[in-house]
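In what follows, a single structure is set out as C-alpha cells and then discussed.
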2 protein chains.
Amino acid sequence: MGKQSVVDLKHFEISEEENLSPEDFILKKIRELLHQGALQPGARLPSERSLAETLNTTRGTIRKALQKLDFYGLVEITPQSGTKISNLGQDTVEELMKSIPVSKDQKMIDLLEARFVLDLQCTILAAQRRTEADLVLIENRQDLFLQRFYSKGNGDYLEADYLFHLAIAQAAGNHVLVSLLNQLTPRIVTREQPHLKQRDNDFSRIPAEHQSIIDAIRRESPEEAEEAMRNHRQWALKRIFTGDN
Amino acid sequence: MGKQSVVDLKHFEISEEENLSPEDFILKKIRELLHQGALQPGARLPSERSLAETLNTTRGTIRKALQKLDFYGLVEITPQSGTKISNLGQDTVEELMKSIPVSKDQKMIDLLEARFVLDLQCTILAAQRRTEADLVLIENRQDLFLQRFYSKGNGDYLEADYLFHLAIAQAAGNHVLVSLLNQLTPRIVTREQPHLKQRDNDFSRIPAEHQSIIDAIRRESPEEAEEAMRNHRQWALKRIFTGDN
DNA sequence: CCATTGTAACTGGTTAACCAGTTTGAGGAT
DNA sequence: ATCCTCAAACTGGTTAACCAGTTACAATGG
C-alpha cells in the first residue's frame, strides 16, 4: 500500500450508545465519520489500534466490524500494511453501510417474498438451460418429497420441498442466485414450522403443482414454467397465511 | 443446553488438503463429518478446543468456521455452553454447507443476471407500493445521475445509476431484497469499470430509459414498469458486452 | 433409593502479547 | 540535489492465557 496521510479523527463528534451490538455500533460510528468527511473513499483508514482508542473500544470489536465491511466489499484489507475504504463514491459507501446492520429480525413476509422472486426466476432460467442431468436430479428430489409428504405426519416435507426447489435453482446455472437462495432458506425454514402444523385440503395440491413445474422444465418452456411456479406460489401463500398473521 | 452425549470423531476419515482457505477447509471437513454420520442435525458439536485437535488446526480457525456457519443459520452457538447443529434435515444442512465456500470469484455474468432479477422485481413492486416520498427520492437520484452523466467523463455516473436503482428498491418496501441487492452491488461496481471506458451512442439512451421507469412508477403501473426495466436491461447488457467477453 | 447440593471440569468469549511483513524517514554516499 | 540503505516504528494476523457462565457428577442428606 502506497504512502498516504492518515486523518486524525480525534476532533470529530462521536454519537452516543444505542441498542446495537458493539460491532454494529462501531459500524455506525465509522459511517458517521465517513459522512462528516473524516474518512474519504479510497483513503487509508487509521490502524485498528488507533481506531479502537478513538472509538473507545477494544481492537477485537474494531476487527470484527472491519471484517464485516470487507465481506460486503466496502473496505480492502491488506495484511501487514493497512485498510482502505473501497474506491466507490462517498454516497455509495454510505448507502451500503446503512443496510448492513439490518440483517437481523427480517420480516417473515419479506423473506418469503424474496425467496419467491428468486425461485421464480430460477425456474424460468432452468426451463431455458436445464441439462438432462439437472432433470434427473430434480425428479429425484420430487421422489424424495413425495416420500416424505405421504409417509410422515410432521413437517419434514418442508425441507424436501426446499431441496426440490434448490435442484431447480442449480439447473438455472447461476451460482450467485443459488447462493442468495441458500442464504434465505435457513431463516425461513427454522421459522416456518409453527404456521404449518395443520395440513388442510390445500396441501394435497402440492405434489401436482410440483409436477407441473417439472413438466414445464422438461419441455423447456419458460412461459409454462413461470405460470406453474406462480400458481405454486399462490397456493403456498394461502397455505402459510390462513388464519394467523 | 441440555445434557447430550458428544460423539467422538477420532475414528472418522479426514480428507486431505486442497486449495481452500483454512477456514473453508474446516467447513468442508465438518460437512464430511456430517455426511459420514459422525454429526447429526440437532446434535451438539464437540467443543471448539476438541474440534481443533481432531481436525489438526487451531481454535481460531475452528472459531471462524463456526461463526460463518452461524451467520448462515446452520449452527446455534450458546455462549459458555456449546454449539449444536441446527435442527434441519441432514440433506438440507449438507446442501447449504456446499454453497458456502463458493462465495468468492463469482462470474461477472452471474452477478449481473442476479442483480437484474432483483432490480426488475423491485421495480415492479415499487410501482405497486411507492409512496410520494419514495417518488421524490427516486427523482432526486435521477437528477444526481443526470448531473454526473453529463458533466464528468469518467465512470462516476455508474454509481449514480446504482443509487437510482437503490432508491427504487427501497420504494419496493422489502428490506430483504434491498439487503440482497446491496450485497451484490460492490462486487459488480468495483469490477464493471474496465468494460465501460468508451461511451458509444447507446449510452445516450440511459437518461430516457430511466425516465420511462420513473413515469411507470409514478403511474403505479407494474406492467409498464416491468417493460421499461426490461428495456433498460436489454440495452445495459448490450453496453457492457460489446466486443469484449 | 432418590433428591439436593457443591465443586471441578468444561463451554464459548475476550484480551494482551507476540509474529512476520510493510512502511517510513533519517542518514550517508554519490 | 538525488538516490540508496537500513533500522525503527507500525501494520494486520495469530496465539495462548484468562474470564464468566454452564454442565456434569460424585458426595451428602433425607
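These numbers were taken from a predicted model, which means no experiment stands behind them. Chain naming here is simple, since letters A, B, ... match the order of the sequence lines and numbering starts at 1 in each. All heavy atoms count here, side chains included; hydrogens, waters and symmetry mates do not.
- Between Arg44(A) atom CZ and dT23(C) atom P there is a gap of 8 Å when expressed in whole angstrom units.
- Using a 4.5 Å cut-off on side-chain heavy atoms (C-beta onward), Asp91(B) and Leu144(A) make contact.
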- Item | Residue pair Glu32(B), Lys29(B): steps toward the salt bridge (Lys or Arg N to Asp or Glu O under 4.0 Å) verdict | CA-CA 5 Å; Glu32(B) 288 173 14; Lys29(B) 285 189 172 180; over 6 Å; no

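- Computed from coordinates, the Gln80(A) CD to dA9(D) P distance equals 19 Å when rounded to whole Å.
- dT11(D) atom C1' lies 16 Å from atom NZ of Lys84(A), rounded to whole Å.
- Counting to the nearest Å, the C1' atom of dG13(C) and the CD atom of Glu48(B) are 8 Å from each other.
- Mapping Pro79(A) and Lys64(A) onto DNA chain C by nearest heavy atom places Lys64(A) at the nucleotide closer to the 5' end.
- At whole-Å resolution of the value, CD1 in Ile77(B) and C1' in dT14(C) are 15 Å apart.
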What nitrogen or oxygen pairs link the protein and nucleotides 15-17 of chain D at under 3.5 Å?
from    : atom 1 : to       : atom 2 : distance (Å)
dT15(D) : OP2    : Thr58(B) : OG1    : 3.1

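- In terms of the ring pair (Phe, Tyr, Trp, His ring centres under 6.0 Å) criterion, Phe116(A) has no residue partners (sequence neighbours excluded).
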- Yes or no on side-chain hydrogen bond (donor to acceptor under 3.5 Å, both in side chains) for Tyr162(A) and Asn182(A), after CA distance, side-chain angles and deciding distance? CA-CA 10 Å; Tyr162(A) 154 70; Asn182(A) 283 337; 2.7 Å; yes

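- Ile62(B) has its CD1 atom 13 Å from the P atom of dT11(C), to the nearest Å.
- Looking at Ile85(B) and Leu74(B), their side chains never come closer than 4.5 Å, going by heavy atoms from C-beta outward.
- Between Leu45(B) atom CG and dC10(C) atom P the separation is 18 Å, expressed in whole Å.
- Straight-line distance from the CD atom of Glu23(A) to the P atom of dG13(C): 12 Å, rounded to whole Å.
- If you check dT14(C), dT23(D), dG13(C) against the side chain of Ser81(B), the one that comes closest is dT23(D).
- Side-chain N or O atoms of Gln121(B) include none that pairs as donor or acceptor with a backbone N or O of Val117(A) at under 3.5 Å.
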